[in-house]
Amino acid sequence: MWKNGTARGPRWTAWTSALLLVASVAAPAAADEVPEVVVRAAWGGGDGELGRSGGDESAPVGPMSFAVASSDEVLVLDQVNRRVARFDARGRWLGAVPLGLDTFQDLVLAPGGQLLLLDRLAAQIVRVLDAGGATLAETRLLGPGIEEGGGTTALFVRDDGVWVEYDHRRSVRVLDAQFAEPFYRVERTGRPLVGGLQGHARLAGPAAVEVWTVDPARDVIAAHAELRYDGPVRRIAALAGDAQGRVVVAAHLWEEHPETFLVSDERLEVRVLEAALAERRRFRTTPSVGAWEQFKEFEVTPEGAVWQLAFVAEGVEVRRWRP
Amino acid sequence: MAAVRRAVCVALVAWLAVPAAVPADPAEMTRDEIINLAISGVGYSYWWGNGCWRTDGTQHGSCSGSCPSCTHTGSYGADCSGFAAKCWQVPSPISVSTCAHPYSTWHFTCTETWWNAISRESLQKGDCASYRSGGCPGSGGHIVVWERGDPWGSMWTYEASGCATGIVHQSRTLSSSYRAIRRVRLTSACVPTTEVCNGADDDCDGAIDEGDVCLIAEEVLQQAAQYDGGGNSDIDGDGLADVCARAGAGWRCHASTGAAFGGEIAGPALSDDSGWADVTNYSTIRMGDIDGDGLADVCARANAAFHCWKSTGAGFSAGIEGPPLSDASGWDAHPYLTTIRLADFDGDGRDDLCARAAAGWRCYPSTGDGFAGAVTTERMSDASGWGHPEHYGTIRMGDVNGDGLADVCARGNAGMFCWLSDGAGFPTQVNGPAWSDEAGFDDIKYWSTIRLADIDGDGRDDLCVRSASDFRCHLSTGDGFGGAIVGPELSDGTGWGDYDNYSTIRMADVNGDDRADVCARANARVYCWLSDGAGFPTRLDGPELSDDGSWSEPRYFRTIRVGDANGDGLADVCARGSARFYCWLSDGAGFPTRIDGPEWGDPQNWDEIRYYTTIRFGGPPPPVCRPTAEVCDGVDNDCDGEIDEGCNPPDDAGTDTSDALGPLDVTRPETTPLEGSGETGGDVPIVYIYGDDGCGCTVPGARGRATLLALLGFLGLPGLIRRRRGSSGTGPRAS
């Protein structure tokens, strides 16, 4: 629920919350599935709130990333407030893990409960924290496979260690499974999916996304598909997989007036694909409002639930679509 | 009204908050100059309300706190709008080290002073994207300098991001709130397009034909005929590869006798005088058997249409006009003309014409005396991104699933794909090795080495390539490809990234075990590595075509060919030297015997590219087997290497499933080879050449053609074959 606290930022009344609920149901009107809004947090720095900053001749940023635990606990990278905010499966505030920096941009949760954080621009590190926020390990990004910290585009933790994606093209293993520096950095094309496959996606023309998976053990294409859309795809917002081998692709679409360049019909379209990349399911959702930058918008849990971290005028919503 | 007043007030405050823009003219500048200024700023601190830095990368300054009430220390730094204005040099030229802040994001977003709004999809290097919170006039904003996009549609930008990070270069997303803008007075009116080999700066980067564009263009033009094994040049059907080429006066062939090459056989007048010195014509010369008579014919694209001239064994017939692959319809462009292939996609024994049009892959079935309407597919269309040489230059045809029909494979962005022919089209996609752009296979030194060849002798063509580390193959399973089999270390590190080495990679069976081996020219000589089906463990020394002998010159190394010149079932290595064409005959363990070919030497002008690149030498093609259901007929109907398996002879109720017929039982009329018509009925397999093991086709374990031909000779079958050819009306055979 939206929290009325003492911190900065707009406050919501019960009726506006209700309106938002209606809106969140109605927003994906073209969608065939309505998400559950698991977490609602107002803008601010207090308990249950999430921070945003910048935008006055600088980059406006909101909570950059989030992660979901197996218990459906939601952890939001509230870097503006230098913390990881924790919400339980019903969206109730559980507390926060303090961070020393406000420049982390990605957060993933290791199976052992450790928090992995990516700071790609300032410190240019990956840091591993325990559940209480104590630093367990840290490694510098720059090195083989990573020429610029700003080129990193995602952080992953897998059974074999911690991977950083670069330029949405390839991934580099920067820590081993024990969070130690590997003897050397393994590189693979694409991004690691659950199950050992590497996932790839790219814009393929104005209204299509090419998706494929690669079996790195054989170095062959495991599956390939070209997804067609009914409007211009501006960017790929997510590519992730679940433990069943399904692959989730989120595409951000909007129309632009040819003369005024005004934006219309903006939406995020999520497609869930079988392992062979045949479409299994699709739904639409609304993208974040405004220009508040975020780094990771979607998370897919092993059982196949799709989660979205979305900014609305009043705050932040964490939405869920069950498998 | 209150809202309006508030907006006006905010706008006024925003305007007053920055120094008044001096009405001056910005100088012309290039996109690269903009980016170079942006690069020089990376690492400097965020300084709200300012814009300056040094070009020597020192004295970055620092920022602390939360802006705008942040604290800046030092003499240099910029906020986002100060940074953008300095990169754009607006309103007028100014040193980056001179602090100034002429515009805010309000100016960039809400006005068009020295810039104009553009569409998001037209963003180019050096343009900007700006936004204003709440629209115009708004209450704050941000601006970035755009450098390039990435595969996801994310953007690489330069920007003064904020107090904690300063000026950065990063990949990021930009919400729809950002408006794309372009500076006026960019120096060049150049509209960037893909750089091609044309003596112009197509991509507007200040460099002409940079990179490998000219090499790529020439490679694909001149080598495309070799990509599928060099075709079949056996013009007289004797099982010996003959050699042909276009001379200034026209097409010329010399038939191999096994120990030499015979006199000149004149072919069609593909002469310089009639316009065939045009590379868009002569580079399309292909050889294949378009009428299924066992004689290799020659075809090529003229300006108005594709033409073929059928071999008579002693010459060539009058031309047959084929599909109108004309200049007028765009077929003189490299992305199309270089993809022309002759291959039997419908399994009728006649090679068909296939090529990639702008709309996709298509094949024109040969009727023997012409070509039927095209079988079309949208696969590999320009619209789906196949108009680039690293893609269309990788088109290969071969039999991926062993059904006797030629399939087509090519490398997309993601890697290799094959589309299996069903005789009427290419409906089934098979995913291949992940030789993706991301993995670096968009580099010519890798993609141009892609080959389809059967390295394990199972009747299915496998995919091979030279990577940065080695030569490797993936075995076809018929509906997919297995893991990599690593072959010889033709690595970049050992020098195989040189064009005069990697471009000579050829695959053929040099030791007669029905497995394709790989040969290539190193700096010292040609080497061949023999496939054992699971690798290439044995290296043979080939002819000494060394750098020292000038074989690193394109006019020589580009003529390296493989084919069976003496009909012993072992592929030989041939090439044009400075004096003539030579072949070095394989004995399975080396290439000890050289035979001399036609006198196509440099003094006779054969060092001119328009002649030497047209040399065709290859084949004869391996036997073809089209599998059907196995029946009790003494034939290996299903092409699995076993005959009549599961079939109990009437007098044997036991379990003996071996062939009931011995090696001499080859005269089965329903499978008589080399039928001119290529027609067949029912489930009788089309078998073009017998194996000496009684199998009606070449299958695992089948032996080489030498024994086969000896057997045919013993049985007097050549006479039978000749009679059948004669009866099919394809003309007399040389005797």
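Just so it is clear: chains get the letters A, B, ... in the order the sequence lines come, proteins before strands, and each one is counted from 1. Just so you know, these numbers come straight off a predicted model, no measurement behind them.
Within 6.0 Å of CD in E378(B) there are 12 or fewer heavy atoms belonging to other residues, nucleotides or ligands. Other residues, nucleotides and ligands contribute more than 12 heavy atoms inside 6.0 Å of the CZ atom of R148(B).
For A222(A), the part lying near chain B is the backbone, with the side chain staying farther off; criterion is any non-hydrogen pair under 4.5 Å. Interface residue Y166(A): only side-chain heavy atoms are found under 4.5 Å from chain B. Heavy-atom distances place no part of M155(B) under 4.5 Å from chain A, backbone and side chain included. Neither the backbone nor the side chain of R188(A) comes within less than 4.5 Å of any heavy atom of chain B. No part of A251(A) comes within reach of chain B, as not one of its non-hydrogen atoms sits under 4.5 angstrom from that chain. With a 4.5 angstrom heavy-atom cutoff, Y46(B) touches chain A only via side-chain atoms. Only the backbone of Q294(A) comes within contact range of chain B, with at least one heavy atom under 4.5 Å from a heavy atom of that chain. Looking at D102(A), the atoms closer than 4.5 Å to chain B (heavy atoms on both sides) all sit in the side chain, from C-beta outward. Looking at L174(B), only its backbone comes within 4.5 Å of chain A, counting heavy atoms on both sides. Residue T103(A) touches chain B through its side chain alone, counting heavy-atom pairs closer than 4.5 Å. With a 4.5 angstrom heavy-atom cutoff, H474(B) touches chain A only via side-chain atoms. For L239(A), the parts lying under 4.5 angstrom from a heavy atom of chain B are both the backbone and the side chain. If you measure heavy-atom distances from A204(A) to chain B, you find no contacts under 4.5 Å at all.
Heavy-atom pairs under 4.5 Å with chain A were tallied for A160(B), G440(B), A117(B), G385(B); the largest tally goes to A117(B). Taking S130(B), G482(B), S436(B) one by one and counting their heavy-atom pairs under 4.5 Å with chain A, the maximum is reached by G482(B). Note on S176(B), P433(B), A164(B): by heavy-atom pairs under 4.5 Å with chain A, the leading option is S176(B). By number of non-hydrogen pairs under 4.5 angstrom with chain A, the leading residue of G141(B), G483(B), G140(B) is G141(B). In terms of heavy-atom pairs under 4.5 angstrom with chain B, the leader among R170(A), R191(A), H257(A), E259(A) is R191(A). Ranked by heavy-atom pairs shorter than 4.5 Å toward chain A, the options E159(B), R472(B), R172(B) are led by R172(B). In terms of heavy-atom pairs under 4.5 Å with chain B, the best-connected choice from G149(A), G151(A), G54(A), G205(A) is G151(A). When each of T153(A), D119(A), D219(A), L101(A) is scored by its heavy-atom pairs under 4.5 Å with chain B, the top score falls to D219(A). In terms of heavy-atom pairs under 4.5 Å with chain B, the best-connected choice from R120(A), Q105(A), E226(A), H200(A) is R120(A).
Every side chain to side chain donor-acceptor pair (under 3.5 Å) that H224(A) has, sequence neighbours left out, goes to E210(A).
Going from atom CZ of R202(A) over to atom CG of N413(B) covers 3.5 Å, rounded to the nearest 0.5 Å. Note that the CG atom of D215(A) and the CG atom of N431(B) stand 11.5 Å from one another [nearest 0.5 Å]. One finds the CH2 atom of W435(B) at 14.0 Å from the OG1 atom of T189(A) (value rounded to the nearest 0.5 Å). Rounded to the nearest 0.5 angstrom, Q170(B) CD and L121(A) CG are separated by 4.5 Å. The line from CD of E293(A) to NE2 of H142(B) is 7.5 Å long, rounded to the nearest 0.5 Å. E148(A) CD to S171(B) OG: the interatomic distance, rounded to the nearest 0.5 Å, is 10.0 Å.
Two residues are said to be in side-chain contact when any heavy atoms from C-beta on lie closer than 4.5 Å; S58(A) and W48(B) fail this criterion. At a threshold of 4.5 Å between non-hydrogen side-chain atoms, the residues E57(A) and S104(B) count as touching. When side chains are defined from C-beta on, E121(B) counts as touching R234(A), because their heavy atoms get closer than 4.5 Å. Here the side chains of R218(A) and F481(B) are not in contact, with every heavy-atom distance at 4.5 Å or above. Proximity of W292(A) to S175(B): side-chain heavy atoms (C-beta onward) are nowhere separated by under 4.5 Å. At least one side-chain heavy atom of P151(B) sits under 4.5 Å from a side-chain heavy atom of R169(A).
Checked by atom type, the side-chain pair W156(B)/D167(A) shows a donor-acceptor distance below 3.5 Å.
For the pair E256(A) (side chain) and R120(B) (backbone), a donor-acceptor distance under 3.5 Å is present.
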(message) I'd like to know whether T173(B) forms a side-chain contact (heavy atoms from CB on, under 4.5 Å) with F295(A), so could you lay out the CA-CA distance, the side-chain angles of the two residues, the decisive distance to 0.1 Å, and finally the verdict.
(response) CA-CA 8 Å; T173(B) 60; F295(A) 193 73; over 6 Å; no

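Closest approach of S177(B) and A291(A) over heavy atoms only: OG-N, 3.9 Å. Closest approach of P60(A) to Y178(B), counting heavy atoms only: CD-OH, 3.8 Å.
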